[in-house]
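Worksheet: one structure, shown below.
Per chain, numbering begins at 1; letters A, B, ... match sequence-line order. What's counted below: heavy atoms across the whole structure, side chains too, no hydrogens, waters or symmetry copies.
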Amino acid sequence: MPAILKKRQTWLLKTEPSTYSFKNLLKDKQTNWNGVRNYQARNNLKKMTIGDLALIYHSGDEKAVVGISKVISEPYPDPDAQGGDWVQVDLIVFKAFEKPVTLSEIKATQSLKELALIKQSRLSVMPVVEAHAEILLKMGKTDEN
DNA sequence: GCCAACGTTGGC
DNA sequence: GCCAACGTTGGC
C-alpha cells in the first residue's frame, strides 16, 4: 500500500473546470470547497476529516481525474447557504496527476467498475475505497511511497 | 442537442 | 403520501 494512503480516507470531488479547476487550485494553493447542495454529497462532506485525500475530477469536456488535494479542516457551515444545514471544507493542493485518468479509462478498468463515479454519475462528493484509490493513483502515475 | 438519471416542487 | 411536471447534472 502506498504510504500516502495510510490511515486516510480518500474522496473524489467533482468540479466543472470552467467553474473551478485543479489549475485554479494549483494557483490558489488552498480553497474552500463550498456550494454543495445535495444531501448525499453533503453527508459525505460531513464525514471528511483533516488529513484525508480528495481526488479532483473534472466533468464536462475533460472527464478525468486530474490531481490530488488534501483536506485541512473539519467540515464547517457554508456561509453562502441561506438556511439549511450545508457545509464546506478547506483543501490544499497536494499533487497534480502526471497523467490524468480519464473517465473512459476508468470505465475500461474492470477493477474500478464499482467506483461511485461510474455507478452514480451525478454525485459530486463520494468516498473512494482504498483499493480503488490505489489503482487511481497508480494510473495517474503519482508515485507517493 | 439530446437524453438518462436523478432531485425537487406542488397539486391532489 | 403519491405522482406528474419540471429542473439540473453530466455523459454521449
Side-chain angles (χ1 to χ4, degrees), chain A residues 2 4-5 8-144:
Chain A
I4 192 177
L5 292 176
R8 287 176 175 141
Q9 169 67 48
T10 303
W11 306 91
L12 189 146
L13 297 173
K14 213 183 290 186
T15 183
E16 170 58 50
S18 62
T19 305
Y20 193 85
S21 70
F22 193 72
K23 265 184 193 160
N24 293 131
L25 182 57
L26 281 168
K27 183 162 60 73
D28 297 344
K29 308 290 186 203
Q30 178 174 342
T31 193
N32 60 319
W33 205 261
N34 62 356
V36 171
R37 295 291 183 274
N38 168 283
Y39 288 107
Q40 205 181 343
R42 190 275 316 269
N43 291 343
N44 288 330
L45 261 186
K46 280 187 165 184
K47 291 179 202 155
M48 290 187 181
T49 55
I50 294 170
D52 283 356
L53 299 179
L55 306 178
I56 304 297
Y57 174 85
H58 282 172
S59 62
D61 291 339
E62 290 185 46
K63 294 185 283 294
V65 182
V66 293
I68 312 169
S69 64
K70 197 184 284 190
V71 178
I72 57 157
S73 78
E74 301 293 336
Y76 61 98
D78 182 340
D80 295 337
Q82 303 296 318
D85 180 22
W86 303 109
V87 298
Q88 60 184 355
V89 295
D90 292 339
L91 301 175
I92 50 168
V93 69
F94 187 69
K95 201 170 202 295
F97 272 13
E98 207 173 296
K99 181 184 161 303
V101 179
T102 66
L103 182 63
S104 59
E105 285 178 88
I106 291 171
K107 283 186 165 175
T109 304
Q110 187 63 19
S111 50
L112 291 175
K113 73 175 181 17
E114 295 298 320
L115 193 67
L117 183 69
I118 311 270
K119 303 196 81 179
Q120 236 179 313
S121 65
R122 290 186 51 190
L123 187 59
S124 62
V125 181
M126 66 194 81
V128 180
V129 299
E130 191 180 290
H132 291 162
E134 273 190 47
I135 295 164
L136 288 169
L137 292 184
K138 198 173 175 187
M139 289 170 82
K141 298 195 181 213
T142 306
D143 188 24
E144 288 290 337

Quiz item: Does the pair A:L55 and A:T10 meet the rule for a side chain to side chain contact (heavy atoms under 4.5 Å, CB included), with working shown?
Solution: CA-CA 7 Å; A:L55 306 178; A:T10 303; 4.0 Å; yes

Practice problem: Could you give me the CA-CA distance, side-chain angles and deciding distance for A:V71 and A:L91, then say whether side chain to side chain contact (heavy atoms under 4.5 Å, CB included) is met? | Solution: CA-CA 5 Å; A:V71 178; A:L91 301 175; 3.9 Å; yes

Practice problem: Decide side chain to side chain contact (heavy atoms under 4.5 Å, CB included) for A:K113 and A:I118; before the verdict, give the C-alpha distance in whole Å, the side-chain angles of both, and the deciding distance to 0.1 Å. | Solution: CA-CA 7 Å; A:K113 73 175 181 17; A:I118 311 270; 5.9 Å; no

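Residue contacts shown for A:L123 are absent, as no nucleic acid heavy atom lies under 4.0 Å away.
Summarising the local packing, NZ of A:K99 is surrounded by more than 12 heavy atoms from other residues, nucleotides or ligands at distances under 6.0 Å.
For the pair A:K47 and A:D52, the salt-bridge criterion is not met [side-chain N within less than 4.0 Å of a carboxylate O].
Between the side chains of A:Y76 and A:D90, a donor-acceptor pair is found at a separation under 3.5 Å.
In this structure, the side chains of A:M48 and A:V125 come closer than 4.5 Å at one or more pairs of heavy atoms. No side-chain heavy atom of A:M126 sits under 4.5 Å from any side-chain heavy atom of A:Q120.
Close approach of DNA chain B to chain A, defined as any atom under 4.0 Å from a non-hydrogen atom of the protein, starts and stops at B:dA5 to B:dT8.
Within a heavy-atom distance below 4.0 Å of DNA chain C, no residue of residues 112-120 of chain A is found.
Note: A:I56 CD1 to A:F94 CZ = 13.0 Å, rounded to the nearest 0.5 Å.
Two end axes, each from the C1' atoms of five base pairs, can be drawn for the helix from B:dG1-C:dC12 to B:dC12-C:dG1; they diverge by 10°, to 10 degrees.
Without hydrogens or angle criteria, A:R42 side chain to A:W86 main chain gives no donor-acceptor distance under 3.5 Å.
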